[in-house]
Asker: 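Quick one: structure below, then a few questions.
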Amino acid sequence: MKARSAQSVLAAGFRLYNDHFSKFFKASWLMTLLYAAVFSAAGTLAAIQTPALIARLMTTSPSAEQQAAVLTHLALLWGLFMVGAIVETLTYATIVNKLDEHSQTDTIATPASWWRIERRMMMRTLKGALSTAVILFVFGFIWGFVDGILPSQSVVALTVRCIVVGALILLSIPLPYVLMRYLLNGSLSYWPAFRHSYSTGLRHLGLSLTVWLGALLTVFLLGLIAALPAMLLGFTNWEAQNGVLIGDPLGMPSYITHLTASTTFFTGILLVYLRIPLLCVNYYLYGSIEKRERQKAQDTANP
């Protein structure tokens, strides 16, 4: 690892992903398929069942049974969302395990088996992700509190809201570095090391901000293109159900459920492999910050 500019971090991260894609794929394919199955189930329910339930509620005065059906549906969607988030995190753990190998050996070996699961790194990644989620939840609570006490229509209130949102976003930027430092250092515990890791990340806020703007924009645009078929299907289903409200026939083919499920399944796979480069970028961002910190310590020790 060496100290890099933001452009160099981005280039190195995407190059690592391209050079070792087959190894990343072999390490992660099984969990990716599991995530895609959950994503497909949630996407199909959201695209087909949700509009139908809302359409029925809007055409009649909702009965207790209908209200219970909606609540059950929403609970199922929420459960699938939570399961999907956990499975996706475990999927990324297979990649982090290969990045950990690269940090120690400067190379990535081809996984010995298509079926091997790295349980230790999975559990560590899950703990780190949950800890990071707690911090983001606190930030969200702060935003909700500030938004709740401010008047709804006021230029001053709007300015304050913008300032608070901007501050919370900036405060969130060091968190990926904190998480990667925890994941790649097996002797560290997340919370005892948090203060040092977070303060280090804050000192390199400019580098991190530039890197994440470039990385997230790239992945967002590619993800938008990949998700376009699933989004169009969802919009079509929604419009068809709205048509039912005014007496039009449903007008959807009998195979629409299977088409939606298969489309969202493959979309889930694409989205996972489009987001994995963010891990590679974060890996080099972490390495660059660590190198800069070591150089600073050496310069301080040897003025």
Side-chain angles (χ1 to χ4, degrees), residues 21 24-25 27-59 66-95 117 122 125-126 129-130 132-133 136-137 140 215-245 248-279:
F21 175 80
F24 288 146
F25 180 82
S28 63
W29 74 274
L30 187 59
M31 295 303 301
T32 299
L33 290 182
L34 182 57
Y35 167 75
V38 178
F39 184 81
S40 176
T44 303
L45 278 175
I48 295 179
Q49 296 298 323
T50 302
L53 283 173
I54 293 177
R56 285 198 295 268
L57 288 177
M58 293 178 67
T59 54
Q66 288 177 322
Q67 293 177 359
V70 171
L71 291 176
T72 301
H73 177 77
L74 293 177
L76 180 58
L77 276 180
W78 177 251
L80 287 172
F81 171 79
M82 295 303 297
V83 171
I86 292 172
V87 174
E88 187 176 11
T89 300
L90 297 178
T91 303
Y92 296 146
T94 63
I95 306 302
I117 296 178
M122 283 184 172
T125 303
L126 190 59
L130 289 174
T132 304
L136 293 175
F137 177 81
L216 290 174
L217 180 61
T218 301
V219 171
F220 171 77
L221 292 176
L222 292 175
L224 190 62
I225 295 172
L228 191 58
M231 293 168 61
L232 288 175
L233 270 176
F235 177 76
T236 302
N237 277 293
W238 186 269
E239 286 300 305
Q241 295 295 338
N242 284 338
V244 172
L245 292 177
D248 292 340
L250 182 59
M252 300 298 288
S254 59
Y255 56 83
I256 187 63
T257 300
H258 297 89
L259 179 62
T260 303
S262 58
T263 301
T264 51
F265 180 82
F266 287 109
T267 299
I269 294 174
L270 287 175
L271 290 178
V272 166
Y273 285 106
L274 284 174
R275 290 194 283 255
I276 286 175
L278 295 177
L279 293 172

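FYI, the numbering just counts along the sequence from 1. In this text, all values refer to a predicted model and were calculated from it rather than measured experimentally.
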Asker: Can you see which heavy atom on A261 is nearest to which on T44, and at what distance?
Answerer: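 Of all heavy-atom pairs spanning A261 and T44, the closest is CA-OG1, 3.2 Å.
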Asker: How long is the straight-line distance from CG of L90 back to CD1 of I86, given to the nearest 0.5 Å?
Answerer: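 One gets 7.5 Å once the value is rounded to the nearest 0.5 Å.
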Asker: For Y273, look at atom OH and say whether over 12 heavy atoms of other residues, nucleotides or ligands are found less than 6.0 Å away.
Answerer: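 Yes, because the 6.0 Å sphere around OH of Y273 holds more than 12 heavy atoms from other groups.
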Asker: For the atom pair CG (L71) and CG (L76), what is the distance rounded to the nearest 0.5 Å?
Answerer: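 With rounding to 0.5 Å, CG (L71) is 12.5 Å from CG (L76).
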Asker: About how many Å separate OH of Y92 and OG1 of T32, when rounded to the nearest 0.5 Å?
Answerer: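 It comes to 8.5 Å.
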Asker: If you count the non-hydrogen atoms of other residues, nucleotides and ligands that lie under 6.0 Å from CZ in F21, is the total more than 12?
Answerer: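 Atom CZ in F21 is packed in, count exceeds 12.
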Asker: Roughly how far, to the nearest 0.5 Å, is the CD1 atom of I276 from the CZ atom of F25?
Answerer: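 Reported to 0.5 Å precision, the distance equals 10.0 Å.
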Asker: Could you walk me through whether I269 and Y35 pass the side chain to side chain contact (heavy atoms under 4.5 Å, CB included) test, one step at a time?
Answerer: CA-CA 8 Å; I269 294 174; Y35 167 75; over 6 Å; no
Asker: Does some side-chain heavy atom of M31 sit less than 4.5 Å from a side-chain heavy atom of V272?
Answerer: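 Not touching, per the 4.5 Å side-chain cut-off.
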Asker: List the atom of L45, the atom of L77, and the distance in Å for their closest heavy-atom pair.
Answerer: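 The answer is CB-CD2, 3.8 Å.
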Asker: Which value, rounded to the nearest 0.5 Å, describes the distance between T263 atom OG1 and L233 atom CG?
Answerer: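 Interatomic distance, T263 OG1 to L233 CG, rounded to 0.5 Å: 5.0 Å.
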Asker: Is a side-chain donor or acceptor of T267 paired with a backbone partner of A227 at a separation under 3.5 angstrom?
Answerer: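 No, T267 side chain to A227 backbone: no donor-acceptor pair under 3.5 Å.
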Asker: Could you tell me whether the side chain of S262 and the main chain of H258 form a donor-acceptor pair under 3.5 Å?
Answerer: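 Confirmed, S262 side chain pairs with H258 backbone.
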Asker: Do you know the tightest heavy-atom contact between A47 and T260?
Answerer: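 In terms of heavy atoms, the two residues are closest at CB-CG2, 4.0 Å.
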Asker: Quick one: closest heavy-atom pair of A36 and F265, and the distance?
Answerer: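 Looking at all heavy atoms of both residues, the closest pair is CB-O, 3.4 Å.
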Asker: Is the backbone of T91 close enough, under 3.5 Å, to the side chain of T94 for a donor and an acceptor to pair up by distance?
Answerer: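 Pair found, side chain donor or acceptor close to backbone of T91.
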Asker: Show your working on side chain to side chain contact (heavy atoms under 4.5 Å, CB included) between V38 and E88 and close with a plain yes or no.
Answerer: CA-CA 10 Å; V38 178; E88 187 176 11; over 6 Å; no
Asker: Quick one: are L222 and L270 in side-chain contact, heavy atoms under 4.5 Å?
Answerer: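 Not in contact.
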Asker: Write down the atom of T89, the atom of A85, and the distance for their closest heavy-atom approach.
Answerer: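 Where T89 meets A85 most closely, the heavy atoms are OG1-O, 2.8 Å.
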Asker: Looking at T264 and A230, what are the two nearest heavy atoms and their distance?
Answerer: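 Shortest heavy-atom separation between T264 and A230 comes out as CG2-CB, 4.1 Å.
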Asker: If we only count heavy atoms from C-beta on, is the L30 to L34 side-chain gap below 4.5 Å?
Answerer: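 No; the side chains remain at least 4.5 Å from each other.
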